[in-house]
Amino acid sequence: MSEIDEGFLIAVEEARQSFAEGGVPIGACLVSKDGKVLGRGHNSRVQKGSATLHGEISALENSGRLPASAYAGATMYTTLSPCDMCTGACILYKVARVVIGENKNFVGGEEYLKKRGIEVIVFENKECMGLMEKFINEKPHVWNEDIGEP
């Protein structure tokens, strides 16, 4: 696997879109075990005034209501290490692999995913790191809100 996987490229595109909209630049893409894009999305908490629309949750929401078998064995591509909520969603839907763009700006539930038998791959993608660094520097209060910090 390489960073040029379609799912990863879609996740980065979604992160760019969120940033352009003034939101937290985290994108995600859920790809079935047979390579079909099930859903894609980006963090839309700011844009939609949502408490829960993180990138991974948005990708799941945009996949629509599917049978559990559609998610089993899938790969979640995300531009940032998933928070506890998004980690839980990946576990709940039996995602087999989580591919992460970067974890320098935030480390979420990677170890818990591994303990639950989910493969975790971390790229040190410079674009993902740069987008997050820029956002955190420009809007630290929004970032803290997003990760549940005061």
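We use all heavy atoms of the structure for the numbers below, so side chains are in, but hydrogens, waters and symmetry mates are not. Computed from a predicted model, the values in this text were never measured in an experiment.
Contact record, Ser58 with Gly41: OG-CA, 3.5 Å, taken as the closest heavy-atom pair. The minimum heavy-atom distance linking Ala74 with Val95 is given by the pair O-CG1, 3.2 Å. Here the closest heavy-atom approach between residue Gly7 and residue Cys29 is recorded as O-CB, 3.4 Å. Counting all heavy atoms, side chain and backbone alike, Gly109 lies closest to Ser81 at N-OG, 4.5 Å. Considering all non-hydrogen atoms of both residues, Pro25 and Phe19 come closest at CB-CB, 3.8 Å. Nearest heavy atoms, Cys128 versus Gly101: SG-CA, 4.1 Å.
Interatomic distance, CD1 of Ile57 versus CG of Asn62, reported as 11.5 Å (0.5 Å rounding). Atoms CG and CG, on Leu53 and Leu60 in that order, are 11.0 Å from each other to the nearest 0.5 Å.
Between Arg97 and Tyr77, some side-chain heavy-atom pair lies under the 4.5 Å cut-off. A 4.5 Å side-chain heavy-atom check between Val122 and Glu110 finds at least one atom pair inside the cut-off. Within the 4.5 Å cutoff, no side-chain heavy atoms of Ile26 are placed close to those of His54. Annotation: side chain of Pro82 is in contact with side chain of Ile100 (closest heavy-atom distance under 4.5 Å).
For Lys33, there are no side chain to side chain contact (heavy atoms under 4.5 Å, CB included) partners, not counting sequence neighbours. With sequence neighbours left out, the side chain to side chain contact (heavy atoms under 4.5 Å, CB included) criterion links Leu66 to Leu38, Ser63, Ala70, Tyr71. Not counting sequence neighbours, Ser44 has no partner by the side-chain hydrogen bond (donor to acceptor under 3.5 Å, both in side chains) test. Applying the side-chain hydrogen bond (donor to acceptor under 3.5 Å, both in side chains) criterion to Asn105, with sequence neighbours excluded, gives Glu102. Residues passing the salt bridge (Lys or Arg N to Asp or Glu O under 4.0 Å) test with Lys104, sequence neighbours excluded: Glu124. Ile91 meets the side chain to side chain contact (heavy atoms under 4.5 Å, CB included) test with Thr87, Tyr112, Leu113, Arg116, Ile118; sequence neighbours excluded. In terms of the side chain to side chain contact (heavy atoms under 4.5 Å, CB included) criterion, Asn137 has no residue partners (sequence neighbours excluded).
A chain of hydrophobic side-chain contacts below 4.5 Å, direct or via other Ile, Leu, Val, Met, Phe, Trp or Tyr residues, connects Val31 to Phe8. Note on Phe106: it does not cluster hydrophobically with Val120, by side-chain heavy-atom contacts below 4.5 Å among ILVMFWY residues. Tracing side-chain contacts under 4.5 Å through hydrophobic residues (I, L, V, M, F, W, Y), one never reaches Val24 starting from Val107; they form parts of separate clusters. A chain of hydrophobic side-chain contacts below 4.5 Å, direct or via other Ile, Leu, Val, Met, Phe, Trp or Tyr residues, connects Ile121 to Val37. Cluster membership for Leu80 and Phe135, using ILVMFWY side-chain heavy atoms within less than 4.5 angstrom, is shared.
Surrounding OH of Tyr93 are at most 12 heavy atoms belonging to other residues, nucleotides or ligands under 6.0 Å away.
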Donor-acceptor list for residues 143-150 side chains, cut-off 3.5 Å, not counting sequence neighbours:
residue: Asn144; atom: ND2; partner: Pro140; partner atom: O; Å: 3.3
residue: Glu145; atom: OE2; partner: Arg45; partner atom: NH1; Å: 3.4
residue: Glu145; atom: OE2; partner: Arg45; partner atom: NH2; Å: 3.3
residue: Asp146; atom: OD1; partner: Asn43; partner atom: ND2; Å: 3.1
residue: Asp146; atom: OD1; partner: Arg45; partner atom: NH1; Å: 3.2
residue: Asp146; atom: OD2; partner: Asn43; partner atom: ND2; Å: 3.3

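The backbone N or O of Gly27 lies less than 3.5 Å from a partner atom in the side chain of Thr79, making a donor-acceptor pair.
Each salt bridge (Lys or Arg N to Asp or Glu O under 4.0 Å) pair with one or both residues in residues 132-141, not counting sequence neighbours, appears once here: Lys134-Glu138. Sequence neighbours left out, the pairs with a member in residues 11-30 that pass salt bridge (Lys or Arg N to Asp or Glu O under 4.0 Å) are Glu13-Arg40, Glu14-Arg40, Arg16-Glu127. Within the structure, salt bridge (Lys or Arg N to Asp or Glu O under 4.0 Å) contacts touching residues 52-75 (residues at least two apart or in different chains) do not occur.
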Next on the checklist: Working note: Gln47 + Ser18, criterion side chain to side chain donor-acceptor pair (under 3.5 Å); need CA distance, chi angles, decisive distance, verdict.
Outcome noted: CA-CA 8 Å; Gln47 300 92 312; Ser18 186; 3.2 Å; yes
